[in-house]
Amino acid sequence: MITSEQRDKLRGWFAGRLPDDLFESLVEVTVDREEITVVGRIPEPRLGDDASDAEKEAAVEARVQEFRERTREDRIAVAREAEHRFRKKVSWGVECGSVRALFTHVAAPVMTRLRQPERQVLDTLVAAGVARSRSDALAWCVRLVQRHTDDWLAELRESLEHVQRVRAQGPDTEPGDTATDEE
């Protein structure tokens, strides 16, 4: 968990380090213990007003693929520098129109102990074809909870940041000691 200030510094670093012509705008920089994900907006393809939905979809898909190939070297250079500086893998994505595409991202293993009722929920999702495996079913459940609790999770994160600030002011800290922006 990092503070808002650390997140702002991280976003600022990427905004300053990315080539000016890489994205139209930097949409989002998110971070967790394993990964930093950088998402930027790219221009939509120019199509006539009479373009069908299928044509628009294919054009956006092609634009995303073209961007991914064309910018690979620049993105790798920035990622190497960031991975060295922040000690986390860097993943990339774009928004083009209403489409969001992530190129690469970390699939981190999560160890958990589930009792039979929880395992039955996962097995039901697998049996119903909603998920391919228990792991996939667990990820599906997490996304569902995330979608329906964004406000609550945001408030919880703010509370955790407050706790970190209070801890940093404790009696064992030296004046000027703060958490580093590389967490």
Side-chain angles (χ1 to χ4, degrees), residues 1-49 51 53 55-110 139-140 142-165 168 178-183:
M1 181 78 196
I2 66 171
T3 65
S4 292
E5 181 180 350
Q6 290 167 330
R7 190 174 6 267
D8 290 346
K9 285 182 179 182
L10 183 71
R11 181 180 172 88
W13 186 88
F14 276 97
R17 178 58 185 85
L18 293 174
D20 287 338
D21 61 344
L22 188 66
F23 298 124
E24 283 186 326
S25 63
L26 184 60
V27 174
E28 168 180 280
V29 177
T30 56
V31 63
D32 66 11
R33 284 189 273 184
E34 292 84 21
E35 174 181 33
I36 300 167
T37 303
V38 180
V39 178
R41 176 159 293 287
I42 62 174
E44 290 183 65
R46 289 189 202 108
L47 298 171
D49 293 337
D53 288 344
E55 185 178 357
K56 290 175 186 175
E57 184 180 323
V60 167
E61 186 178 315
R63 173 63 51 92
V64 168
Q65 188 61 36
E66 182 276 334
F67 173 87
R68 183 178 186 185
E69 297 300 325
R70 177 176 45 83
T71 63
R72 180 172 275 124
E73 296 297 323
D74 287 338
R75 290 183 295 107
I76 287 172
V78 173
R80 281 190 182 131
E81 197 175 323
E83 287 171 7
H84 178 74
R85 179 182 176 106
F86 301 110
R87 295 181 184 91
K88 297 176 189 312
K89 289 291 183 190
V90 176
S91 300
W92 298 92
V94 295
E95 287 185 359
C96 184
S98 62
V99 173
R100 184 183 189 108
L102 294 178
F103 301 150
T104 55
H105 44 92
V106 174
V110 178
W140 184 88
V142 169
R143 287 190 301 271
L144 182 65
V145 169
Q146 178 187 20
R147 184 176 305 133
H148 294 290
T149 59
D150 280 342
D151 292 339
W152 181 82
L153 287 173
E155 188 175 334
L156 184 61
R157 287 184 188 108
E158 288 174 20
S159 296
L160 288 171
E161 288 179 19
H162 178 72
V163 168
Q164 287 179 336
R165 284 192 301 274
T178 58
T180 67
D181 61 333
E182 296 183 3
E183 290 180 19

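Positions are given from 1 along the sequence.
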Exercise. Got a donor-acceptor contact below 3.5 angstrom from the Arg157 side chain to the Ser4 backbone?
Worked result: no
Seminar exercise, completed: Heavy-atom closest pair (Pro43 atom, Cys96 atom, distance to 0.1 Å) is O-SG, 3.6 Å
For this session: Can you sort out the partners of Glu24 under salt bridge (charged side-chain N to carboxylate O under 4.0 Å, His left out), two or more places apart, ordered by chain and number?
Result: none
Problem set entry | Validation row: Phe14, Ile36 side chains within 4.5 angstrom (heavy atoms) | yes
Problem set entry | Non-neighbouring partners of Glu66 that pass salt bridge (charged side-chain N to carboxylate O under 4.0 Å, His left out), sequence neighbours left out | Arg70
Seminar exercise, completed: Sorted by chain and residue number, the side-chain hydrogen bond (donor to acceptor under 3.5 Å, both in side chains) partners of Glu73 (sequence neighbours excluded) come out as none
Exercise. Of all residues at least two apart in sequence or in a different chain, which pass the side-chain hydrogen bond (donor to acceptor under 3.5 Å, both in side chains) check with Arg100?
Worked result: Glu28, Glu95
Problem set entry | Qualifying residues under side-chain hydrogen bond (donor to acceptor under 3.5 Å, both in side chains), relative to Ser91, sequence neighbours excluded | Glu35
Problem set entry | Set of salt bridge (charged side-chain N to carboxylate O under 4.0 Å, His left out) partners for Lys89, sequence neighbours left out | Glu83
Exercise. Of the options Leu26, Thr30, Val31, which is the one that meets Arg11 in a side-chain contact (heavy atoms from CB on, under 4.5 Å)?
Worked result: Leu26
For this session: Compare all side-chain heavy atoms of Trp140 with those of Arg143 and state whether any distance is below 4.5 angstrom.
Result: yes
Exercise. Any side-chain heavy atom of Val78 sitting closer than 4.5 Å to one from Trp13?
Worked result: yes
Problem set entry | Heavy-atom side-chain contact between Val38 and Phe23 under 4.5 Å | yes
Seminar exercise, completed: Sequence neighbours excluded, the answer for side chain to side chain contact (heavy atoms under 4.5 Å, CB included) partners of Leu47 is Ala51, Glu55, Lys56, Ala59
Problem set entry | Considering all heavy atoms, the nearest Val90-Ala82 contact | CG2-CB, 3.7 Å
Exercise. Does Arg63 have any side-chain hydrogen bond (donor to acceptor under 3.5 Å, both in side chains) partners at least two apart in sequence or in another chain, and if so, which?
Worked result: none
For this session: Would you list the pairs meeting salt bridge (charged side-chain N to carboxylate O under 4.0 Å, His left out) in which at least one residue belongs to residues 13-23, sequence neighbours left out?
Result: Arg17-Glu81
Exercise. Partners of Ser25 by side chain to side chain contact (heavy atoms under 4.5 Å, CB included), sequence neighbours excluded?
Worked result: Val27, Arg41
Exercise. Can you tell me if CG on Asp151 sees more than 12 non-hydrogen neighbours from other groups inside 6.0 Å?
Worked result: no
Exercise. Mind checking whether Thr37 and Asp32 have side chains closer than 4.5 Å, heavy atoms only?
Worked result: no
Exercise. Should the heavy atoms of other residues, nucleotides or ligands under 6.0 Å from CD of Glu5 be counted, would the total exceed 12?
Worked result: no
For this session: Answer yes if the side chains of Glu61 and Gln65 hold a donor-acceptor pair under 3.5 Å, and no otherwise.
Result: no
For this session: Mind running side chain to side chain contact (heavy atoms under 4.5 Å, CB included) on Val39 and Leu102 for me, showing each step along the way?
Result: CA-CA 8 Å; Val39 178; Leu102 294 178; 4.1 Å; yes
For this session: Can you sort out the partners of Phe103 under ring pair (Phe, Tyr, Trp, His ring centres under 6.0 Å), two or more places apart, ordered by chain and number?
Result: none
Seminar exercise, completed: Sorted by chain and number, sequence neighbours left out, salt bridge (charged side-chain N to carboxylate O under 4.0 Å, His left out) with Arg165 holds for none
